[in-house]
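All chains are named by letter (A, B, ...) in the order of the sequence lines, taking the proteins before the strands, and each is independently numbered beginning at 1.
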Amino acid sequence: MTDRKVRVRFAPSPTGPLHMGGVRTALFNYLFAKKHGGDFLLRIEDTDQNRFVPGAEEYIIESLNWCGLQFNEGPGIGGNYGPYRQSERKSLYKKYADQLLESGWAYYAFDTPEELEAIRLEAEKDGEVFSYGIQTRGKLCNSLTLEKNEVEKRVATGENFVVRFKMPENTNVTENDIIRGEVTFYTNALDDKVVFKANGMPTYHLANVVDDYLMEISHVIRGEEWLSSMPLHVLLYKALGWENTKPRFAHLPLILKPVGKGKLSKRDGDKMGFPVFPLKWEDKETGETFHGYREDGYFPEAFINLLALLGWNPGTEQEIFSKEELAGIFSLERVVKSGSRFDPEKAKWFNKHYFQQKTDAELTELFKPVLKEKQVTASDGKVLKVVSEVKERCQFVAELWEQGSFFFLVPESYDEKTVQKRWLPETPGQLTAICGVFDSAGNWEQPLIKEAFSNFMNEKGWNFGAVMNPLRLCLVGGNVGPDLFKICEILGKEETVSRIKTAIKKLAEF
RNA sequence: GGCCCGUUCGUCUAGGGGUUAGGACGCCAGAUUUUCAUUCUGGUAGCAGGGGUUCGAUUCCCCUACGGGCUACCA
């Protein structure tokens with residue numbers, strides 16, 4: 001089985017937007033496939049039409065594309081094992097349910113959902129939990145308890161029935177999970193899961209096993225929430241006679257909330273100010289919108305990098321990886337067993353790294369749309385200079401504006417604290433004198449401006465800090481920003497002098 | 001409740017019978033920057049608890065606690 005071609009699948013259900021845990025599952029599948037020269041497929045598990053959400057499948061595909069997790073087979077692109085939507089494979093499953101029925105691995109059950117619900121409620125009253133299985137199936141309405149011809153009659157007359165897997169008694173099911181090692185389940189504690197529903201659709205369990213078999217999946221890499229159904233799936237392979245091509249299983253740890261209890265959920269993001277979805281998502285029913293990494297300014301390479309390190313590590317101290325690098329060294333054996341809390345701060349750090357990695361020209365291109373949105377017009381040359389000056393203090397493209405808007409906009413107000421501290425009675429006079437120095441300056445370049453300024457200051461014997469701080473205030477509106485003379489240079493001589501004069505005028509009114 | 005999985009700094013993690021328990025994020029401090037930020041340097045902080053096994057357990061075993069998942073004609 002080890003010499004089988006590696007074929008893995010990401011099999012989401014289109015019940016809403018894919019969240020970052022799902023993206024990580026897709027990523028690990030993708031990396032595993034790439035590492036072993038295998039195939040990575042996308043399969044849409046839409047056996048429950050009640051939970052179908054329009055747009056969800058498109059969202060999943062767009063998310064995968066944004067992350068660069070290209071699949072080799074799947075909806076839209078096809079492949080030799082299609083179709084890749086379970087709803088389009090509906091006709092395939094019945095014969096396998098029948099096969100289970102014939103071989104005695106499954107039975108018909110006629111209990112209605114209402115009847116079962118009533119039994120459940122009754123059990124609950126006694127502080128017990130009802131389970132349709134070994135202990136109870138003999139007392140319920142199914143082909144195990146009914147006369148044979150009664151069963152045939154019910155099936156023939158089209159009475160609603162369901163097919164349940166007949167869990168074998170007193171059996172230990174042991175399976176070697178790649179991440180967790182040997183895991184053993186005792187069948188008496190398991191229930192008889194429905195494998196085929198009354199509406200003619202298989203449940204997840206049957207569809208999943210049948211499709212993995214038919215699509216020649218070699219490794220099932222999925223979230224830990226599926227670990228409990230591993231024995232059912234293992235038994236299904238056995239019952240269907242597919243043990244020889246049974247895939248290996250790997251159950252990934254879950255991603256947990258940054259604080260508090262439980263796994264990361266839809267709403268955690270907005271509460272704490274970070275996205276839990278790759279892309280922005282609008283819930284058509286409630287009108288709620290959820291943030292996406294893409295729209296929040298994260299680079300896909302950063303997103304992939306942070307996801308990869310959440311629950312996996314290379315065993316070295318390296319933390320920055322490209323997708324290609326990851327594909328070269330990824331291994332399921334190095335996936336951790338415990339759930340990981342997601343840390344939004346570290347996510348920002350990753351983005352900062354990739355942000356700093358970009359060239360000034362690249363960032364300029366990314367910044368231009370922001371400028372346009374702010375209705376600012378400026379030459380590419382100036383934008384490039386601004387980017388070059390402020391990039392080192394940013395983590396996101398949007399921050400270029402926060403850090404550099406004063407290059408394009410005259411300050412509307414002046415930071416009060418700085419005014420109080422730095423705007424002294426002699427300040428206007430000194431700054432007026434500096435304007436004179438600037439006016440007569442020759443080449444308007446940072447070193448020369450600084451030189452002219454310094455010479456004048458020394459001549460006058462003025463304190464540098466006492467003049468530079470108010471000067472910065474005039475140009476920026478506060479006490480932040482890059483090198484003061486670089487700001488002067490980028491602003492240009494006229495604009496610099498003009499801003500100083502404007503500030504003197506405005507602050508005199510105080 | 002039952003079954004299954006897990007537990008190393010606040011967080012992500014390395015390690016694994018004898019280590020000064022390593023790194024990263026965060027935080028704090030110093031240096032540089034006549035501003036702020038960056039950058040650099042340094043620091044803070046951890047093996048859940050109890051029993052074994054052993055010359056020696058953070059590492060192996062058991063128990064407890066805690067955390068997580070599953071327990072639908074959902075996936």
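- I255(A) places its CD1 atom 16 Å from the P atom of U11(B), with the value rounded to the nearest Å.
- Looking at residues 174-190 of chain A, you'll see R180(A), V183(A), T184(A), F185(A), A189(A) sit with a heavy atom under 4.0 Å from some atom of RNA chain B.
- A search for side chain to side chain contact (heavy atoms under 4.5 Å, CB included) contacts involving N160(A) returns A198(A), not counting sequence neighbours.
- Listed in residue order, the members of residues 344-356 of chain A having a heavy atom less than 4.0 Å from RNA chain B are E345(A), K346(A), W349(A), K352(A).
- With sequence neighbours excluded, the residues satisfying side chain to side chain contact (heavy atoms under 4.5 Å, CB included) with E489(A) are K385(A), E445(A), Q446(A), I449(A), K486(A).
- In this view, F10(A) satisfies the ring pair (Phe, Tyr, Trp, His ring centres under 6.0 Å) rule with no residue, not counting sequence neighbours.
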Output side-chain donor-acceptor pairs under 3.5 Å for residues 226-239 of chain A, partner residues at least two apart or in another chain, one line each.
| residue | atom | partner | partner atom | Å |
| --- | --- | --- | --- | --- |
| S229(A) | OG | W226(A) | O | 3.2 |
| H233(A) | ND1 | R222(A) | NH2 | 2.8 |
| H233(A) | NE2 | H205(A) | ND1 | 2.8 |

Name each donor-acceptor pair under 3.5 Å that joins a side chain in residues 394-408 of chain A to protein atoms two or more places apart or in another chain, with its distance.
| residue | atom | partner | partner atom | Å |
| --- | --- | --- | --- | --- |
| E399(A) | OE1 | Q395(A) | N | 2.5 |
| E399(A) | OE1 | F396(A) | N | 3.2 |

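- Residues forming a ring pair (Phe, Tyr, Trp, His ring centres under 6.0 Å) with Y354(A) (at least two apart in sequence, or on another chain): none.
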Item to complete: Let me have a per-nucleotide readout for nucleotides 70-75 of chain B, 5' to 3', with B, S or -, counting only protein heavy atoms under 4.0 Å.
Response: S--BBB

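- For Y59(A), the ring pair (Phe, Tyr, Trp, His ring centres under 6.0 Å) test picks out W281(A), with sequence neighbours left out.
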Let me check something: any side-chain donor-acceptor pairs from residues 115-131 of chain A under 3.5 Å, sequence neighbours excluded? List them with distances.
| residue | atom | partner | partner atom | Å |
| --- | --- | --- | --- | --- |
| E115(A) | OE1 | T112(A) | N | 3.0 |

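- Residues satisfying the ring pair (Phe, Tyr, Trp, His ring centres under 6.0 Å) test with F274(A), not counting sequence neighbours, are F342(A).
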